[in-house]
Asks: 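Structure in structure tokens, see below.
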Amino acid sequence: MYRLTSKLIIYRTIGKDSILFRLSDITQRFYEGKYEKEELVGEILDEINRLLELSTKYGFDKNLWHNYLAFLLATTETPFTLVSEKTGANEGSVNTFAENDFAIFLQLFDYDFSDMERDLGINCFSVIENYHSVGKKDRVFNKSVSEKVQELSSSIEKCKDAADMYRVVTDFYRVYGVGKFGLNKAFRIDEEAKGDGLLIPITSTSNVRLDDLVGYELQKKKLVENTEAFVDGRAANNVLLYGDAGTGKSTSVKAILNQYYDRGLRMIEVYKHQFKCLSSVISQIKNRNYRFVLFMDDLSFEEFEVEYKYLKAVIEGGIETKPDNVLIYATSNRRHLVRESWHDKSGLGSDELHSNDTVQEKLSLSARFGCSIGYFKPSPKEFQEIVTTLASRYPEIHMTNEELLREANKWEMSHGGFSGRTAQQFINYLAGRRTDE
């Protein structure tokens, strides 16, 4: 294996601490006879344990060794893989190096560990090549990553030669992309990290769809139209979803991600204390072949908070313009985002000469969202429609409509009033009750 990995060119950037290069070093020492049996077996089992942890994280199954090698191909960012992400297969001298590496990976796919197993008295490699994982709920692992990597693994298994594998892998890059942005839906900011570690994948995301949100059809239509334009590369606006609590603002944004993920939409969760990182975030994503939504949930500012000025500069007004592949989607209970006081309106009790300027500065933030969508509490009749629609999705709820609505009205009076959130909480309560209650 060492003779193979030492000849990699394009994928030479794979970390030396990776399972691949660690096992490569182990096999070299094994065939050179430079090892203590017990120590070498311990090192092998350490790498197998790392492979099992990775496989559990991403829900891999069957041939874990093949899945792992496919995972490396899918996540390694190099100039070649990044260009392939945009255009797929290309003509050029680099193809000679690429086919060299793919020929090596085909040999790694078929690598025979039987000599090591026989001489060391182990069978771990045979186990991972025909592995049956324990069933896991979707939320335990990133299902989309798992499916893509295993699809790539299966396709490579059928390749006849390096040229065939070149076509398979570059097609994968063109369709799905490469690295964390290619494989993951959503990301959060790690303020302590630097460079490529600034954005961390969120591997457990909800599968909510727009149809799951009952009502608000005009609001959803407006959000879909703006997002459609964005993912199609047409002009689109930053979006502010504002209005009453529990009406589905955040749910709508999360549903949009699920609906357009396969068309290249990605989402980055940003909190207001992280606005100072926005320039660094944008510099990492502006040249990637994806559309990024910076998602700011429950956004609002008190009078003494000045972070909104960072946001204003990013949206519009800085020297460096916001790239075309980045939009901001924010939710807020406040239409104007920055808290205003009567002093701002009247100018009384303030030592500022031009109080109207203060008002205009505070209003200017929300004005920079070209698309504003209002979500408001449902009427009693709309609330009842939400309850009955949600109840129909739970076969374990056995109540007449009259009983259901009577209990729902009791529930809303002590649980926050009419809202979609209140309705869902009521349905969760009914669905979770013991059958003998």
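Owing to the predicted nature of the structure, the values given are computational and were not obtained by experimental measurement.
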Asks: With under 30° as parallel and over 60° as perpendicular, where do the rings of Y290 and F292 fit, or are they tilted in between?
Replies: perpendicular
Asks: Scan N428, D212, I397, I427 and name whichever one has a side chain to side chain contact (heavy atoms under 4.5 Å, CB included) with L390.
Replies: I427
Asks: With a cut-off of 6.0 Å (strictly less than), are more than 12 heavy atoms of other residues, nucleotides or ligands near OH of Y271?
Replies: no
Asks: Under a 4.0 Å N-O cut-off, is there an ion pair linking R234 with D232?
Replies: yes
Asks: Is there a donor-acceptor pair under 3.5 Å between the side chain of K249 and the backbone N or O of D244?
Replies: yes
Asks: Counting neighbours of CZ on F97 that are heavy atoms of other residues, nucleotides or ligands and sit closer than 6.0 Å, is the number greater than 12?
Replies: no
Asks: Quick check: are there more than 12 heavy atoms from other residues, nucleotides or ligands sitting under 6.0 Å from NZ of K276?
Replies: yes
Asks: How are the rings of F113 and F125 set relative to one another: parallel (under 30°), tilted (30 to 60°) or perpendicular (over 60°)?
Replies: parallel
Asks: Is the shortest side-chain heavy-atom distance between S18 and Y68 below 4.5 Å?
Replies: yes
Asks: Taking all non-hydrogen atoms of both residues into account, name the closest pair between P201 and K180 and its distance.
Replies: CG-CB, 4.0 Å
Asks: Under 4.5 Å between any side-chain heavy atoms of R288 and V178, yes or no?
Replies: yes
Asks: What class does the angle between the rings of W411 and F426 fall in, given that below 30° is parallel, 30 to 60° is tilted and above 60° is perpendicular?
Replies: tilted
Asks: When you measure from the side chain of T331 to the backbone N and O of D297, does any donor-acceptor pair fall under 3.5 Å?
Replies: no
Asks: Is there a side-chain contact between F105 and L73 in this structure, where contact means two heavy atoms from C-beta onward sitting under 4.5 Å apart?
Replies: yes
Asks: Tell me whether K221 is salt-bridged to E228, with the criterion being a basic N under 4.0 Å from an acidic carboxylate O.
Replies: no
Asks: Is the shortest distance from a Lys or Arg side-chain nitrogen in K222 or E225 to a carboxylate oxygen in the other one below 4.0 Å?
Replies: no
Asks: Using 30° and 60° as the class boundaries, would you call the ring planes of Y11 and F102 parallel, tilted or perpendicular?
Replies: tilted
Asks: Tell me whether D171 is salt-bridged to R174, with the criterion being a basic N under 4.0 Å from an acidic carboxylate O.
Replies: yes
Asks: Taking the side chain as C-beta and beyond, is there a heavy-atom pair between H66 and I156 under 4.5 Å?
Replies: no
Asks: Does R393 CZ have over 12 foreign heavy atoms under 6.0 Å away?
Replies: yes
Asks: Is the CD atom of E396 crowded by more than 12 outside heavy atoms at less than 6.0 Å?
Replies: yes
Asks: Would you confirm whether the ring centroid of W65 sits within less than 6.0 angstrom of the ring centroid of Y111?
Replies: no
Asks: Is the closest side-chain heavy-atom distance between Y176 and E151 below 4.5 Å?
Replies: yes
Asks: Does any non-hydrogen side-chain atom of L108 lie less than 4.5 Å from one of M1?
Replies: yes
Asks: Do E53 and N49 make a side-chain contact, defined as non-hydrogen atoms from C-beta onward lying under 4.5 Å apart?
Replies: yes
Asks: Hey, is E47 close enough to R50 for a salt bridge, meaning N to O under 4.0 Å?
Replies: yes
Asks: Applying side chain to side chain contact (heavy atoms under 4.5 Å, CB included), can you list everything that pairs with L52, at least two apart in sequence or on another chain?
Replies: I48, L64, Y131
Asks: Do F71 and S153 come close enough that some side-chain heavy atom pair is under 4.5 Å?
Replies: no
Asks: Is Q425 atom CD crowded by more than 12 heavy atoms from other residues, nucleotides or ligands, each under 6.0 Å away?
Replies: yes
Asks: Regarding Y329 and T227, do their side chains bring together a donor and an acceptor under 3.5 Å, going by distance alone?
Replies: yes
